[in-house]
*Asks:* 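The structure follows.
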Amino acid sequence: MTQSKKLLLIDGNSVAFRAFFAMHQQLESFVSPDGLHTNAIYAFNNMLDIILKEVQPDYALAAFDAGRTTFRTAQYADYKGGRSKTPEELSEQFPYLQELLKDRGITPYQLSNYEADDIIGTLAREADEQAWDTSIVTGDRDLTQLTSDHTTVVITVKGVTQLEKYTPQHVEDKMGIKPSQIIDLKGLMGDTSDNYPGVTKVGPKTALKLLDEYGSIENLYDHVDEMKKSKLKEHLIEDKNQAFLSKKLATIDRHAPLTLGLADIPYTGDHLEELAEFYRKLNFKSFLNKLQPAAGDDGANPFAGQLHEYTELTAANLAAALKPTAPQAFEIEMLDDNYHTSPIVGFVLGTPGHWYVSSQPELLQTDAMHAWLADESRRKYVFDGKRNYVAANRMGGHLQGLEFDLLLASYLLDVNNNSNDLGEIAHSYGDMDVQTDAEVYGTGAHRSMPEDANVFYQHLTQKAAAIYQLEPDLYQKLKDHEQDQLFRDMEMPLSVVLAEMEIAGITVDAERLKKMGAEFQQTLKVLEEKIYNEAGEKFNINSPKQLGVILFEKMNMPVIKKTKTGYSTSVDVLEKLKSYSPIIDDILNYRQIAKIQSTYVEGLLKSILPDHKVHTRYLQTLTQTGRLSSVDPNLQNIPIRLPEGRKIRQAFVPRQDGWEIFSSDYSQIELRVLASISGDTNMQEAFKEGRDIHANTAMKIFGLDDPSQVTPNMRRQAKATNFGIVYGISDYGLSQNIGISRPEAKRFIAAYFEQYPQVKEYTEKSVQIAREQGYVETLFHRRRYLPGIHSKNFNVRSFAERTAMNTPIQGSAADIIKVAMINMQQALRAEGLQATMLLQVHDELIFEAPSAEIETLKKLVPKVMDSAVKLAVPLKVESAYGPTWFAAK
DNA sequence: GGAATCACG
DNA sequence: ACGTACGTGATTCCG
């Protein structure tokens, strides 16, 4: 069976208009070197990326209007009259838009006397007759009259990159009429934007009612005499001609005399060289970077790039391959993200001109490879050293001598560019010679080795070559940013520390978890029954939608908050509903236990490997602030705040009897960082004197003389205010958080800034710096760009301002614990301890150790942590230990 | 695949 | 007037 052909038809004018106005705000920032406005072209191209990927057409055309005069203006002179002139900033973009379309393999077309709609209608009809599948993209809902079993109309909503698909069914659901009735609707109600009238006093509601009853304008007028006497009837009779004319105007001509046919418009894909030239001309860097040869190309590569030659590694040539003393690129290949468990499919190493590839992981286990891996003097260039370290470890090797990690370098240069794909990153630095993994291996369920081994080898080779080629450029950029130390002395060594922590893993007592799971199961069952009783019916408690119906419709509780999709049923909402019914408490309990059960009992059990441990992966190049994140499983959000959840920690145990879990955390590290970098003398004094910072703040903002006057509630509010400052305060946010009025929150903040004046200066200075240089930095020159700081959109700009205040604080705290971790691994080794660092949870480090080493750790760990950096205030570290993680707190 | 919810610092 | 706290990840539902 042959698959039916796919046709893509684009309403060029309509989409261009939408594109132009969607990016109207950015009009003046999208200007080519020649002074041409490019915002519409840019947004149009974004839409193309999306729709081409989705439709994958065999044939494609973009239709444009030929001018103002058409056969419709002949029928009705004022058709589309009164429209204001197309802005010059847009009309100048049309010729380029057509050039873009050609370069993207899509035929642009216009026909004098006809509108784009008619071209589209005609081709869609021809395609329909051959049972092709057609997608029509437009911003104009009128085109939904063309929907059929084979034709889908895709409407751009909210800009041009959000698309809504209309099938005949969707048209009916959304508009209440069949696609064929749209022209009747327009006939009755007219169209103000196209400037033709319908029947007097008939709007959408009346028109829909009439169509519901009569089906079409023709049938309506056949029976108009039978209607009861009414104003409506008079208008209908009066405006009969107008109604028929309007229907005619609204009807798309599906037999326009086109000068081309379907056979003339094959979709030819990106014409890479022309397209690259076009992007360069318009200064479209991001599109240029995304540009690459399509997968399955015969390797032809128009971008200067070369395909590097390679040699397949064998036992015989291994020695020769390992001989060069210059730094070598090295990469172990795995297809799954989780490198702790993914099969290893091959590896590559070498220097330019001498690339060696292999699809035999066993070679990594040879003595020769082991010696080379462990030889610190043999420097290695890698992409994601941590991943390679773990993989080498699985092959019995110890990867040392890491000199340059492309992934870490690109992350530090711009944390927004947090791709994990070598190809994508290389492209963003202008190296187009390497494909992305998605292109070579596919994604999701389709991910697999290429059929042709040479494709695999070539990909490995191109990756290694890209690392080598980009190294000098990126290292220079790091130096330009004053980030070479951060890179060399912090992130690079940390990647090895993290690899060792991940490999160590933490032991989980599965039996313990299962026992807890059984108990939770019982509790859930009881709660479930109770909730069904109270609701008077069974429903899915896990479905916020169904729960909303029960609470707010059936039980008539007041709606406190709405979400995009319906009623909010989140904790803060439910808390406010407690007095209405005991069902609320049961739901809250159910939610709490269900969360623990699904995420922490069942979820955790799934990640335990045969060694009885879980081996998380720390993502070192993800967060915008420099923190780590933890996945598969996430060990940075194990419950602690509520007693039921906290019990989960009883399942985290040392790897052998006679050992314990030891934990140390920084106390108030973010506020200490704030005190230090703001230079605020009052806040510094509080820390230097070892005072309770929240109580101290309470005394200051409530104007008390003595700590004994601070009530628990005052301290709670002061604490929230301290947090608020760190997050980039707003009176509204604070008022919400501690349940006070907005003016009160405002007074709090004013009092706070009066007491800590240099903190106020710090917040103002941070925003100022972001405005002036476009980015903010941490103590160690970690950088975050904040393009939103100049936005005209209040929300976007406000967010950037809060981020400007928060990132140096959160990020510097992240820097500090990273330094501590590197020093800690060093210290444990130097002291010859068996103690092993296992986990990092942002401001705490968790170890396992023989009981006999606990006394040593109690001194050593805090010492290493509080001496990681020298701030203007002391760092305080608190420790605890016990037989499980539960006890170590 | 997005939205809602909730776990952590 | 705008409409919010900063940084994350996993699970579930549902179109």
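In the text below, chain A, chain B and the rest are named by the order of the sequence lines, each starting its count at 1.
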*Asks:* According to side-chain contact (heavy atoms from CB on, under 4.5 Å), who are the partners of His615(A), at least two apart in sequence or on a separate chain?
*Replies:*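 Partners of His615(A) under the side-chain contact (heavy atoms from CB on, under 4.5 Å) test: His340(A), Leu609(A), Asp611(A), Lys613(A).
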
*Asks:* Return the set of residues passing ring-ring contact (aromatic ring centres under 6.0 Å, His included) with Phe753(A) (not counting sequence neighbours), or none when no residue passes.
*Replies:*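 Testing Phe753(A) for ring-ring contact (aromatic ring centres under 6.0 Å, His included), a comparison that skips the adjacent residues, returns none.
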
*Asks:* What are the residues of residues 731-741 of chain A, sorted by number, that bring a heavy atom to within less than 4.0 Å of DNA chain C?
*Replies:* Tyr732(A), Leu734(A), Asn737(A)

*Asks:* By a strict heavy-atom criterion of less than 4.0 Å, which residues belonging to residues 774-788 of chain A are in contact with DNA chain C?
*Replies:* Arg784(A)

*Asks:* Do Gln810(A) side-chain and dC6(C) base share a donor-acceptor contact under 3.5 Å?
*Replies:*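 Check passes, donor-acceptor contact within cut-off.
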
*Asks:* Does the protein touch nucleotides 10-15 of chain C at the base, only the backbone, or not at all? Give it as B, S and - per nucleotide, heavy atoms under 4.0 Å.
*Replies:* BSSSSS

*Asks:* Counting only heavy atoms and a strict 4.0 angstrom limit, can you tell me which residues of residues 641-652 of chain A come near DNA chain C?
*Replies:*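 Nucleic-acid contacts, sorted: none.
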
*Asks:* Can you tell me which residue pairs pass the salt bridge (charged side-chain N to carboxylate O under 4.0 Å, His left out) test with a partner in residues 629-651 of chain A, sequence neighbours excluded?
*Replies:* Arg617(A)-Asp632(A)

*Asks:* Quick one: label Leu622(A) by what it contacts on the DNA or RNA (base, sugar-phosphate, nothing), any heavy atom closer than 4.0 Å.
*Replies:*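 Answer is sugar-phosphate: Leu622(A) comes under 4.0 Å of backbone atoms only.
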
*Asks:* Heavy atoms from C-beta onward define the side chain here; which of dG7(C), dA4(B), dG9(B) lies closest to that of Thr563(A)?
*Replies:* dA4(B)

*Asks:* Looking only at side-chain N and O atoms, does Ser798(A) come under 4.0 Å of OP1 or OP2 in dG3(C)?
*Replies:* no

*Asks:* Quick check: any donor-acceptor pair below 3.5 Å linking the side-chain of Ser629(A) to the base of dT8(C)?
*Replies:*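 Donor-acceptor pair under 3.5 Å: no.
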
*Asks:* Students often get this wrong, so: under 4.0 angstrom with heavy atoms, is Ala745(A) touching a base, only sugar-phosphate, or nothing?
*Replies:* nothing

*Asks:* Dot-bracket for DNA chain C, 5' to 3', counting Watson-Crick or G-U wobble pairs under 3.5 Å, with [ ] for crossing pairs and | for inter-strand pairs?
*Replies:* .....|||||||||.

*Asks:* By ring-ring contact (aromatic ring centres under 6.0 Å, His included), which residues pair with Phe748(A), not counting sequence neighbours?
*Replies:*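 Testing Phe748(A) for ring-ring contact (aromatic ring centres under 6.0 Å, His included), a comparison that skips the adjacent residues, returns Phe702(A).
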
*Asks:* Looking at Lys514(A) and Glu519(A), is there a salt bridge between them, counting it only when a charged N and a carboxylate O are closer than 4.0 Å?
*Replies:*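 So Glu519(A) does not pair with Lys514(A) through a salt bridge.
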
*Asks:* Would you mind classifying the nucleic acid contact of Ser568(A) as base, sugar-phosphate or nothing, using non-hydrogen atoms under 4.0 angstrom?
*Replies:*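 Counting heavy atoms under 4.0 Å across all strands, the contact made by Ser568(A) is with sugar-phosphate only.
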
*Asks:* If the condition is ring-ring contact (aromatic ring centres under 6.0 Å, His included), which residues does Tyr881(A) pass it with, not counting sequence neighbours?
*Replies:* none

*Asks:* Name all residues meeting the ring-ring contact (aromatic ring centres under 6.0 Å, His included) criterion together with His694(A); count only those two or more places apart in sequence or in a different chain, and write none if there are none.
*Replies:*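 Once residues adjacent in sequence are excluded, His694(A) has no partner under the ring-ring contact (aromatic ring centres under 6.0 Å, His included) criterion.
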
*Asks:* Going by the salt bridge (charged side-chain N to carboxylate O under 4.0 Å, His left out) test, which pairs reach into residues 726-745 of chain A, not counting sequence neighbours?
*Replies:* Asp731(A)-Arg742(A)

